[in-house]
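Here is the structure we will look at.
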Amino acid sequence: RRIHPLALTGYVQPSNIHLDGSLLPISSGGAFQFMTLRNLLAKCDFKDVPIPSKAPSVLVLDSTPGAHALQSVISSTALPLQNLIHRYAFIPYAAAGWELAYIINILAGHRPIYAETRDSINEWELLPHVTPGGSTVRLYFYSPRDRITPAEDVETHAEDARRKGHTVELERFERSWHITHAREYP
């Protein structure tokens, strides 16, 4: 089945693919960079800059955000290893590396990165001074076959976004794996 992601939002008509607004596609790793950009924009002083118009914006979340950090890290680093001996031998190193990064992050006074990312994506003003509050549609692409970001994590996050008043659309792909939806469903 073929879909145009923006068609789900109602902002794009089949004859008019132009979007007067923002399209913000992110996947798992991109969510961390997105959170960093959001935090930097929140610190900037925009008092003399006019507020942008209420143009629609769409945040496309591809296989993200996950809630189980250690599981995601181990799956994303160990699963690509084809040799089972290498894969299982690597798991303790992946876990130790993640735990070290987690401890350093906490000692630096930061919240856990997965929790911070999940929360920041659902803030009312997604990108401070770029996307007006509440105007960003959240479009989730996900799959029950994803072993890095479980479908339940995505569905829970989408429900939280709805409770906060955001417009949410979910597109569940049954056959694709983590971030392979466009390849499996061209």
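The structure displayed is predicted, hence computed values, not measured ones.
Judged by distance alone, the side chains of H178 and D146 do bring a donor and an acceptor atom under 3.5 Å apart.
Remark: I85 CD1 is loosely packed, at most 12 non-hydrogen atoms of other residues, nucleotides or ligands lying under 6.0 Å away.
Rounding to the nearest 0.5 Å gives a distance of 11.5 Å between CD1 of I148 and OG of S143. The CZ atom of R38 sits 8.5 Å away from atom CD of E116, with the distance rounded to the nearest 0.5 Å. Separating the CZ atom in R138 from the CG atom in D160 is a distance of 10.0 Å, to the nearest 0.5 Å. Note that CG of L107 and CG of N105 are 9.0 Å apart. Values are rounded to the nearest 0.5 Å. A distance of 5.5 Å separates OG1 of T64 from CD1 of I121, quoted to the nearest 0.5 Å. Atoms CZ and OG1, on F90 and T77 in that order, are 4.5 Å from each other to the nearest 0.5 Å.
With R162 as reference, L170 is the one residue of N122, T167, L170 to meet the side chain to side chain contact (heavy atoms under 4.5 Å, CB included) rule.
Of all heavy-atom pairs spanning T149 and S63, the tightest one is OG1-O, 2.9 Å. Here the shortest heavy-atom pairing between S76 and V73 reads OG-O, 3.2 Å. Contact detail for R147 and Q71: the closest heavy-atom pair is O-NE2, 3.8 Å. What you find for L70 and A95 is that their closest heavy atoms are CD1-CA, 3.8 Å.
For W98 and Y114, the ring centers are positioned less than 6.0 Å apart. Remark: aromatic rings of Y142 and F173 are distant, center separation not under 6.0 Å.
Legend: residues meeting ring pair (Phe, Tyr, Trp, His ring centres under 6.0 Å) with Y140, ordered by chain and number and at least two apart, are H157. Scanning for ring pair (Phe, Tyr, Trp, His ring centres under 6.0 Å) contacts around W177 gives an empty result, with sequence neighbours left out.
With salt bridges taken as basic N to acidic carboxylate O contacts below 4.0 Å, one links R111 and D119. Taking a cutoff of 4.0 Å between a charged side-chain nitrogen and a carboxylate oxygen, R172 and E155 qualify as a salt bridge.
Using modelled atom types, no side-chain atom of T180 and backbone atom of S176 make a donor-acceptor pair closer than 3.5 Å.
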